[in-house]
Amino acid sequence: MNAPISRRETQRRQAELFSFHSVAAAPALIGWTLTVDGVGGRIVETEAYDHEDPASHSFSGPTPRNAVMFGEAGHVYVYRSYGIHWCMNLVCAGHASAVLIRALEPTEGLDVMIARRGLDEPRALCSGPGRLCQALGVTREHNGMRIDQPPFALEPGPAAEVIVGPRIGITRAAEVPWRFGERGSRYLSKPFPRV
DNA sequence: CTATTGATGTTCT
DNA sequence: GAACATCAATAGA
């Protein structure tokens with residue numbers, strides 16, 4: 001069925017992806033497979049952020065925390081959320097734009113994810129930005145790393161049907177429809193409004 | 001199913 | 001001090 005994707009094809013697709021602004025890259029990422037040390041799954045939910053966006057960490061200019069967002073596309077921006085969780089973004093082209101990875105459909109390394117999360121229900125393993133970072137073992141150490149080199153791997157998948165809605169958990173620019181998900185996925189962090 | 005609240009560390013005002 | 005791109009546990013409809 002699905003022929004293996006060549007290294008060369010993956011590089012070509014990544015180069016195209018990271019030439020996009022976050023608002024274009026976020027929906028395009030739905031259906032790609034993301035792993036860390038071989039543990040991960042299919043991306044089913046993302047959100048876009050950028051420099052002109054009051055909800056973005058990069059809105060008020062560069063700081064030590066958000067420095068990676070102002071750097072090269074294709075790098076990983078990790079930050080601490082609510083003092084407890086980690087959240088990961090992929091930096092995109094344009095000015096300080098990035099895509100928050102919000103949910104995965106777990107496909108690889110289920111046993112490792114179950115051990116790290118202390119749960120055995122696949123639905124709850126990676127359905128949220130903090131949850132998936134715990135399942136994949138992503139922490140501050142990964143901030144600034146390249147997504148195309150170990151321990152990370154990012155490979156394109158078959159095109160998915162993408163739905164759109166307002167972003168979650170923010171107070172500023174809360175109405176901007178920059179949240180994207182795979183229609184019908186059981187692994188979303190929350191359902192999308194009015195399907 | 002929805003709503004509420006406590007836990008927690010960093011950043012920003 | 002206040003705010004925060006969250007989660008898990010709890011209570012109620």
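Throughout, protein chains are lettered first and strands after them, A, B, ... in sequence-line order, and every chain is numbered starting at 1.
Per the geometry, OH belonging to A:Tyr79 stands 6 Å off P belonging to C:dT6, to the nearest Å. Nucleotide C:dA5 holds its C1' atom 8 Å from the CG atom of A:Asn89, rounded to whole Å. In this structure, A:Arg172 places its CZ atom 7 Å from P of C:dC4, rounding to the nearest Å. If you take CD of A:Glu121 and P of C:dC7, they are 15 Å apart, rounded to a whole angstrom.
Counting heavy atoms from C-beta outward, A:Val138 and A:Val36 have side chains that approach closer than 4.5 Å. Between A:Arg13 and A:Ile5 there is no side-chain heavy-atom pair separated by less than 4.5 Å. Looking at A:Leu100 and A:Arg167, their side chains never come closer than 4.5 Å, going by heavy atoms from C-beta outward. Using a 4.5 Å cut-off on side-chain heavy atoms (C-beta onward), A:Tyr187 and A:Arg42 make no contact.
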Summarise protein proximity over nucleotides 6-13 of chain B in one line of letters, 5' to 3': B for base, S for sugar-phosphate only, - for none, counting protein heavy atoms closer than 4.0 Å. -BBB-SS-
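Judged by distance alone, with hydrogens and angles left aside, the side-chain atoms of A:Gln134 form a donor-acceptor pair with the main-chain N or O of A:Arg116 at under 3.5 Å. A donor-acceptor pair under 3.5 Å is absent between the side-chain atoms of A:Ser58 and the main chain of A:Met69, judged by distance alone.
Each of A:Leu90, A:Leu154, A:Val91, A:Asn143 was checked for a side chain to side chain contact (heavy atoms under 4.5 Å, CB included) with A:Val76, and the lone residue meeting it is A:Leu90.
Distance from the side chain of A:Thr171 is smallest to C:dC4 among C:dC4, C:dC7, C:dA5. Closest contact between the side chain of A:Arg117 and the listed nucleotides C:dA5, C:dA8, C:dC7 involves C:dA8.
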Dot-bracket line, read 5' to 3' along DNA chain C, where crossing pairs take [ ] and | marks a partner on another strand, Watson-Crick or G-U under 3.5 Å: ||||.|||||||.
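Counting non-hydrogen atoms under 4.0 angstrom, A:Ile170 reaches the backbone sugars and phosphates but no base. Among the heavy atoms of the strands, none lies under 4.0 Å from A:Arg167.
Environment of CD in A:Glu141: sparse, with no more than 12 heavy atoms of neighbouring residues, nucleotides or ligands closer than 6.0 Å.
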